[in-house]
Amino acid sequence: MAPLRTKVNKRELILTEASKLFKDRGFGGTGMRDIAEKVGMEAASMYNHIKSKDEILELICFKIADAYTTQLSEIADTEASFQDKLKQIIKVHIDLMIHDAAAVSVANNDWKYLRDEKKEEYKSIRKSYERSFAFVLEEGMKTGEFKTMNVSVALFTILSSLRWIELWYKPSRDISAEELEEELSTILLNGINI
């Protein structure tokens, strides 16, 4: 049993360290030797845990995509108001960006290096996520919880407003994750008017 546990832990370590390297250097600027060095392994030993750099990218991107889609689906299925659902979706984005920042950055920026069939699958998941998110906005507009507006403009304004967190937020900032969630929810739902 112990060897399997070590293998799983090594694989997770490889993905974590590869995420950081891809974020800092880009997918194209990172080699398997770089990753092996970062995790304290010989490059040849890496292949006992991971087949290729392409597989690493796939695992990172699809892990993040799955985290977003699973949580959005759970939120959408609740009886909460659409305003509360939107707050929860914003919280999911912030939590992922704060607690798995490197992987989120890779999924946002390096997915275009996925192999063609995986790239199409990933794009399909992203489109499905956007449709589900847009549905929450549309339904909130129908119930009068949100002002009626162009759903695509609202959707991509919110997503763009959340995306900068991956570049800006650090634990040393003078705002906690919880405060950031509250501030962003307030701004996105109410604007900055008094």
Side-chain angles (χ1 to χ4, degrees), residues 15 19 22-23 57-114 117-194:
L15 294 176
S19 294
F22 291 167
K23 181 182 182 215
L57 181 61
E58 288 167 18
L59 289 168
I60 294 167
C61 288
F62 285 95
K63 177 187 98 169
I64 295 299
D66 183 60
Y68 279 126
T69 55
T70 299
Q71 292 184 71
L72 176 58
S73 179
E74 289 170 4
I75 292 165
D77 288 343
T78 67
E79 295 298 318
S81 69
F82 291 103
Q83 189 161 22
D84 284 342
K85 287 180 184 184
L86 182 55
K87 282 183 181 178
Q88 290 173 47
I89 294 166
I90 289 168
K91 182 181 186 314
V92 165
H93 276 261
I94 293 171
D95 284 347
L96 274 169
M97 288 180 182
I98 288 173
H99 298 109
D100 210 351
V104 170
S105 178
V106 171
N108 281 342
N109 301 307
D110 289 330
W111 66 268
K112 58 188 168 288
Y113 298 110
L114 290 166
E117 69 278 6
K118 291 294 181 181
K119 188 188 299 180
E120 291 308 311
E121 183 183 347
Y122 186 75
K123 282 162 64 175
S124 175
I125 291 169
R126 280 174 62 126
K127 290 287 183 198
S128 176
Y129 180 82
E130 289 165 4
R131 282 193 300 272
S132 297
F133 197 146
F135 179 77
V136 170
L137 296 173
E138 285 170 349
E139 293 303 301
M141 289 175 198
K142 286 179 188 172
T143 63
E145 290 180 55
F146 305 138
K147 189 164 84 173
T148 301
M149 63 186 77
N150 182 290
V151 174
S152 293
V153 172
L155 171 67
F156 291 109
T157 297
I158 292 168
L159 290 174
S160 297
S161 296
L162 292 168
R163 190 157 176 199
W164 62 267
I165 296 166
E166 77 180 63
L167 302 170
W168 177 82
Y169 187 81
K170 293 176 181 54
S172 59
R173 291 275 182 199
D174 61 350
I175 186 168
S176 69
E178 294 76 21
E179 290 169 329
L180 181 57
E181 288 162 13
E182 190 56 41
E183 293 280 342
L184 265 175
S185 293
T186 299
I187 291 168
L188 290 171
L189 290 168
N190 304 318
I192 57 173
N193 290 335
I194 295 175

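Counting from 1, the numbers follow the sequence of the chain as shown. The model shown is predicted, which means the values in this text are computed figures rather than measured ones.
Judged purely by distance below 3.5 Å, without hydrogens or angles, the side chains of Asp66 and Thr70 pair a donor atom with an acceptor atom.
The heavy-atom pair separating Ile94 from Ala177 by the smallest distance is CG2-O, 4.3 Å. When all heavy atoms of Ile165 and Leu180 are compared, the pair lying nearest together is CG2-CD2, 4.2 Å. Between Ser19 and Val106, the shortest heavy-atom contact is O-CG2, 3.5 Å. Glu145 and Gln83 make their closest contact through OE1-N, 2.8 Å (heavy atoms, listed as atom of the first residue, atom of the second, distance). When all heavy atoms of Gln88 and Ala80 are compared, the closest pair comes out as NE2-CB, 4.0 Å. Scanning all heavy atoms of the two residues, the minimum distance from Phe146 to Phe82 falls at CZ-O, 3.5 Å.
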Evaluate side chain to side chain contact (heavy atoms under 4.5 Å, CB included) for Leu86 paired with Ile75, printing each intermediate quantity in order.
CA-CA 9 Å; Leu86 182 55; Ile75 292 165; over 6 Å; no

Show, in sequence, the C-alpha distance, side-chain angles and deciding distance for Arg126 and Tyr68, and conclude whether the side chain to side chain contact (heavy atoms under 4.5 Å, CB included) test is met.
CA-CA 9 Å; Arg126 280 174 62 126; Tyr68 279 126; over 6 Å; no

Could you please spell out the steps behind the side chain to side chain contact (heavy atoms under 4.5 Å, CB included) verdict for Glu120 and Glu117?
CA-CA 5 Å; Glu120 291 308 311; Glu117 69 278 6; 6.0 Å; no

Give the C-alpha distance, both sets of side-chain angles, the deciding distance and a yes or no for salt bridge (charged side-chain N to carboxylate O under 4.0 Å, His left out) between Lys63 and Asp100.
CA-CA 11 Å; Lys63 177 187 98 169; Asp100 210 351; 2.8 Å; yes

What's the verdict on side chain to side chain contact (heavy atoms under 4.5 Å, CB included) for Lys147 and Met141, showing C-alpha distance, side-chain angles and the deciding distance?
CA-CA 6 Å; Lys147 189 164 84 173; Met141 289 175 198; over 6 Å; no

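Of the possible polar contacts, none joining the Glu166 side chain to the Ala101 backbone as a donor-acceptor pair under 3.5 Å is found. With Arg163 contributing its side chain and Asn108 its backbone, the two residues share a donor-acceptor pair below 3.5 Å. A donor-acceptor contact shorter than 3.5 Å links the side chain of Lys85 to the backbone of Thr78.
Between Phe62 and Tyr122, the distance from one ring center to the other falls under 6.0 angstrom.
In this structure, CG in Leu184 is found 6.0 Å from CG in Leu162, a value given to the nearest 0.5 Å. Atoms CG and OG, from Asn190 and Ser185 in turn, are 9.5 Å apart once rounded to the nearest 0.5 Å. Separating the OG1 atom in Thr157 from the CG atom in Leu188 is a distance of 9.0 Å, to the nearest 0.5 Å. Atom OG in Ser124 sits 14.5 Å away from atom NZ in Lys119 (nearest 0.5 Å). Distance check: Leu189 CG to Ile90 CD1 gives 5.0 Å after rounding to the nearest 0.5 Å. The structure places CD of Glu74 at 6.5 Å from CD of Gln71, a figure rounded to the nearest 0.5 Å.
The shortest side-chain heavy-atom distance between Val92 and Leu72 does not fall under the 4.5 Å cut-off. Residues Glu181 and Asp95 meet the side-chain proximity criterion, which asks for heavy atoms closer than 4.5 Å. Two residues are said to be in side-chain contact when any heavy atoms from C-beta on lie closer than 4.5 Å; Leu137 and Ile158 meet this criterion.
Open room surrounds NZ on Lys127; 12 or fewer heavy atoms of other groups in view lie less than 6.0 Å from it. In the displayed structure, Glu179 atom CD is contacted under 6.0 Å by more than 12 heavy atoms of other residues, nucleotides or ligands.
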Side chains of residues 128-135: which donor-acceptor partners sit under 3.5 Å, not counting sequence neighbours?
{"residue": "Tyr129", "atom": "OH", "partner": "His93", "partner atom": "NE2", "Å": "2.7"}
{"residue": "Ser132", "atom": "OG", "partner": "Ser128", "partner atom": "O", "Å": "3.2"}

